[in-house]
Chemist: 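Just dropping this structure here.
Each chain gets a letter, A, B and so on, in the order the sequences are listed, and its residues count up from 1.
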2 protein chains.
Amino acid sequence: MARTNELRLITRITQMYYLEGLKQSQISAILNISQATISRLLKRAMDENIVRITINVPRGTFPDLETGLRERFGLKEAIVAECGEDREESILSAVGDAAAHFLSTTLNDREVIGISSWSASLLRMVDSLHPLKRVKAARVVQILGGMGNPSVQVHATHLTTRLAQLTGAQPQLLSAPGVASSIEARRALLADGFVQATMDEFRDVSLALVGIGAVEPSRMLATSGNVFTPEELQELKDSGAEGDICLRFFAADGTPVRTPLDDRVISISLDELKGADRVVGIAGGARKDRAIKAALLGGYVDILITDKFTAGRLLGEPAGT
Amino acid sequence: MARTNELRLITRITQMYYLEGLKQSQISAILNISQATISRLLKRAMDENIVRITINVPRGTFPDLETGLRERFGLKEAIVAECGEDREESILSAVGDAAAHFLSTTLNDREVIGISSWSASLLRMVDSLHPLKRVKAARVVQILGGMGNPSVQVHATHLTTRLAQLTGAQPQLLSAPGVASSIEARRALLADGFVQATMDEFRDVSLALVGIGAVEPSRMLATSGNVFTPEELQELKDSGAEGDICLRFFAADGTPVRTPLDDRVISISLDELKGADRVVGIAGGARKDRAIKAALLGGYVDILITDKFTAGRLLGEPAGT
DNA sequence: TAGCGAACTGAATTTTTATTCATTGCTGCA
DNA sequence: TGCAGCAATGAATAAAAATTCAGTTCGCTA
């Protein structure tokens, strides 16, 4: 009885507050109950499930997948983009766009952005990026050397300078190939002052934007010159490499894979990468499933931006519509 | 696209706020978005129906009926009590209990309570009322004379003094019959100083508790003496009286009905009643349907306390379970 | 291509809400 | 019957959220 009376009162207050939009103080005045008590009764309404708050997921957003990814892989954030069809082109576009939005809304002032230069997703991101309005400024550091092939060198340079320009930052180029022809060649290149200067910046990177590579000839790698010989690729596979970030390879369980290649690569190391405040992995597509999963297991990435199909597969669930 | 990205962000923020229970400032810190913007995005989430708040009505409460009554009859409040079965006894108990709770939660300090003395519902209310804890104090004024029959006189007196006691107030009794035997008798009674004093208080009543009577011999009226003769009742009916408050009669549409009886009744007038801040009508039961409706249409009551069956009938809907 | 107005933004401020604190009455137990 | 512990309350205060304000940017129009 008394219980029912109290429930009635709580229900009425709930109605006034949530439906009629009255302030607690107004309700308090109407009912001659102190505002403190109104607040307490509203909390009771929560506890007793008299108010129920549901989130109505808008089309094209996938909070479940995102939460799944966050929890399953211990990510700080996960962003799952809507995507028309499960093919490279569509995915690149979706993921790049999402990444651009992410960057533009969460970039800090005075942030030092590290960007890996060989990723189609990152290219797309920069393409969809609008000049950042607010006084967001920073430095943009290229954390992976360019490609031997001059045409892709240009891509890498473009990526870094464009991003710097859009964010009002100072570009810091890494004027060296991503893969030197030999250990000695690498040593020689590192002797260069500019290269040195940029590599010294690696430890200052606060936000790293990286693609995630699969160990197999990707379209871009294939067309952009003979970075690795088929033999080298085979060797990588044999030593268990499943994917890479900035050409630093890791196995299916995420453990780093050291091969002689390491000594020829000019890029941030996985350890240096972990020093960044936020490492954002941007990748999607069935071809990369295993590589992405490996990167997540290795904990190289704090934030993953991907598409709904890939997200679904990473979680072993069917993708939403 | 941009739209989708934004929706995703809003959804994520909504999730953090409502599901994970984070403060706006925490979200703001995590996402590097100002608290002001978080607040604005959450409002957008409301507008766009991404958050949906539903009220889960607990068993035994009837906000729909209450809202219906409020809106249909322009009431300040309506309280609909749960009630086992649609019979007098059950209803009296439910309504009395609800009224007691109402009184105990919304009584102001220094309130002047007017109470009509001939109502079974009010008796029940006082019976279920606990002594008011908090320093609620006031005056309790009897706004309708007692009954000729001494045994009910006691009831009326009891009602007023008990209520005064429970609310820590000063009782102000009306030591006169509700209906004088003649106009002259009434005049004589009014000459009495105590009666005068009490009647002068009528205009100070801030909270009036009144029953609503049907024009027909109710059980109580019937057993409590010959207040009205069958002829008088017939006369009332003939002049269109449908119900009364404190023996002041009104027609089905709420307009006051004047009969010679008026000049013999010793009670607050309908006009004086309207001067009270809050007039609480307490009544239920099929027998009183028409009277209650008439009282509501007449606007004599600001707050109605009734049972679910009566409420349902007043609204012309079937009662909830 | 300059100028105008609408739309956004973050800092500061105001408004609203939650919580602390001191008090009080009640309950159960000695 | 008296007292300790507990629950509930309102006033005061702290915390959180909404809004104002001032400054920008951006898209149009002239």
Chemist: Any donor-acceptor pair under 3.5 Å joining the side chain of B/Q35 to the base of D/dA16?
Modeler: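 It does not, because no donor-acceptor pair links the side chain of B/Q35 to the base of D/dA16 below 3.5 Å.
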Chemist: Starting from P on C/dC8, measure out to CD1 on B/I38 and report it in whole angstrom.
Modeler: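 Those two atoms, CD1 and P, are 16 Å apart.
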Chemist: I'd like to know if the side chain of B/S116 reaches the main chain of B/I143, judged simply by a donor and an acceptor atom lying under 3.5 Å from each other, with no hydrogens or angles considered.
Modeler: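 Side chain of B/S116 to backbone of B/I143, a donor-acceptor pair under 3.5 Å: no, none is there.
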Chemist: Counting only heavy atoms not in A/K43, do more than 12 sit closer than 6.0 Å to its NZ atom?
Modeler: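 No.
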Chemist: I want to check one thing: is the phosphate of D/dA17, taken as OP1 and OP2, less than 4.0 Å away from some side-chain N or O of B/S39?
Modeler: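 Checking B/S39 against D/dA17: no side-chain N or O falls below 4.0 Å of OP1 or OP2.
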Chemist: Using a strict cut-off of less than 4.0 Å between a Lys/Arg side-chain nitrogen and an Asp/Glu carboxylate oxygen, indicate whether B/E48 and B/R3 qualify as a salt bridge.
Modeler: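 A salt bridge links B/E48 with B/R3.
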Chemist: How many Å lie between CD1 on A/I33 and C1' on C/dT17, as a whole number?
Modeler: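 Whole-Å distance recorded here is 16 Å.
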Chemist: By nearest heavy atom, map B/K23 and A/K23 onto DNA chain D; which one lands nearer the 5' end?
Modeler: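 Nearer the 5' end of the strand: B/K23.
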Chemist: Counting only side-chain N and O atoms of B/T37, is one of them less than 4.0 Å from OP1 or OP2 of C/dG10?
Modeler: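 Indeed, a polar side-chain atom of B/T37 lies that close.
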Chemist: Quickly work out the B/L107 CG to D/dT9 P distance and round it to whole Å.
Modeler: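 Going from CG in B/L107 over to P in D/dT9 covers 15 Å.
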Chemist: Just how far, in rounded Å, is C1' of C/dT24 from NE2 of B/H130?
Modeler: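 In whole Å, C/dT24 C1' and B/H130 NE2 are 18 Å from each other.
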Chemist: Reading DNA chain C from 5' onward, which residue's closest nucleotide shows up sooner: B/A36 or A/L42?
Modeler: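 Taking each residue's closest nucleotide, the earlier one in sequence belongs to B/A36.
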Chemist: Taking N and O atoms by type only, does the side chain of B/Q24 place a donor or acceptor under 3.5 Å from a partner on the base of D/dA18?
Modeler: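 For B/Q24, whose side chain was compared with the base of D/dA18, there is no donor-acceptor pair (under 3.5 Å).
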Chemist: I need the CZ-C1' distance between B/R44 and D/dA18, as an integer number of Å.
Modeler: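 From B/R44 CZ to D/dA18 C1': 16 Å.
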Chemist: Is the backbone of B/T106 close enough, under 3.5 Å, to the side chain of A/N32 for a donor and an acceptor to pair up by distance?
Modeler: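 A pair under 3.5 Å: yes.
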Chemist: Take atom CZ of A/R40 and atom P of D/dA11, then tell me their distance rounded to the nearest Å.
Modeler: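 Taking atom P of D/dA11 as the reference, CZ of A/R40 is at 11 Å.
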Chemist: Both A/Y17 and B/P131 contact DNA chain C. Taking the nearest nucleotide for each, which residue is further toward the 5' end?
Modeler: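 Upstream on the strand: A/Y17.
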Chemist: Please confirm whether the shortest side-chain N or O distance from A/K43 to OP1 or OP2 of C/dT17 is below 4.0 Å.
Modeler: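 For C/dT17, OP1/OP2 do not have a side-chain N/O of A/K43 under 4.0 Å.
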Chemist: Starting at atom CD of B/Q26, determine the distance to atom P of D/dA17, rounded to an integer number of angstrom.
Modeler: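 Value for this atom pair: 9 Å.
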Chemist: B/D302 versus B/V280: any side-chain heavy-atom pair under 4.5 Å?
Modeler: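 Result no, sub-4.5 Å side-chain heavy-atom pair not found.
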Chemist: What is the distance from CG of A/D47 to P of C/dA18, rounded to the nearest Å?
Modeler: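 From A/D47 CG to C/dA18 P: 12 Å.
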